[in-house]
Amino acid sequence: RLGYEVIAATDPIEALEIIRQERGFDAIITDQIMPSMSGDELIREFKRTNPRAVAILCSGYHEARTDRPAGADLYLDKPLEPSELAAALRRLFAGERSVPDTQEPV
């Protein structure tokens, strides 16, 4: 509904296959805790072929949070509202690579 073309993957291995085949993505949004690969590992691989793209790392485990996750442009706590994600993407696409995080840990 926001005008973005979205490609979803069910796991990080499938996501990497899509990334390697489809090059030219503008963004990746991933969870931190996944089977077979962490979100920050997926982001590092993604940025190898899409270095100018933005990366958002999400987690419901607040202890997994870091001030500056490796490779990610922004960390968001789950659960999050679609409007929060949309606002973060707009700011990142506008060039604000270190978007201030206003979420408080629960």
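For the single chain, residues carry numbers from 1 onward in sequence order.
In plain terms, the two heavy atoms of D31 and C58 that are nearest each other are OD1-O, 2.8 Å. Closest non-hydrogen pair, E84 versus E81, comes out as OE2-N, 2.7 Å. In terms of heavy-atom proximity, I18 sits nearest to F25 at CG2-CZ, 3.8 Å. Contact between P35 and P12 at its shortest, heavy atoms only, is O-CG, 3.3 Å. Taking all atoms of both residues into account, the shortest heavy-atom contact from G39 to T30 is O-CG2, 3.8 Å. G71 and I43 get closest at one heavy-atom pair: O-CG2, 3.4 Å.
Using a 4.5 Å heavy-atom threshold, the side chains of I29 and L89 count as touching.
Put simply, the side chain of N50 gets close to the backbone of G24: a donor and an acceptor are under 3.5 Å apart. Remark: the backbone N or O of M37 is not paired with any side-chain donor or acceptor of E41 at under 3.5 angstrom. Judged by distance alone, with hydrogens and angles left aside, the side-chain atoms of Q32 form a donor-acceptor pair with the main-chain N or O of D40 at under 3.5 Å.
Atom CD1 of I56 is separated from atom CD1 of I28 by 10.5 Å, given to the nearest 0.5 angstrom. In this structure, CZ in R20 is found 8.5 Å from CZ in R48, a value given to the nearest 0.5 Å. To the nearest 0.5 Å, the span separating CD on E22 from CD1 on I7 amounts to 5.5 Å.
Using a 4.0 Å cut-off between a side-chain N of Lys or Arg and a carboxylate O of Asp or Glu, R91 and D73 do not qualify as a salt bridge.
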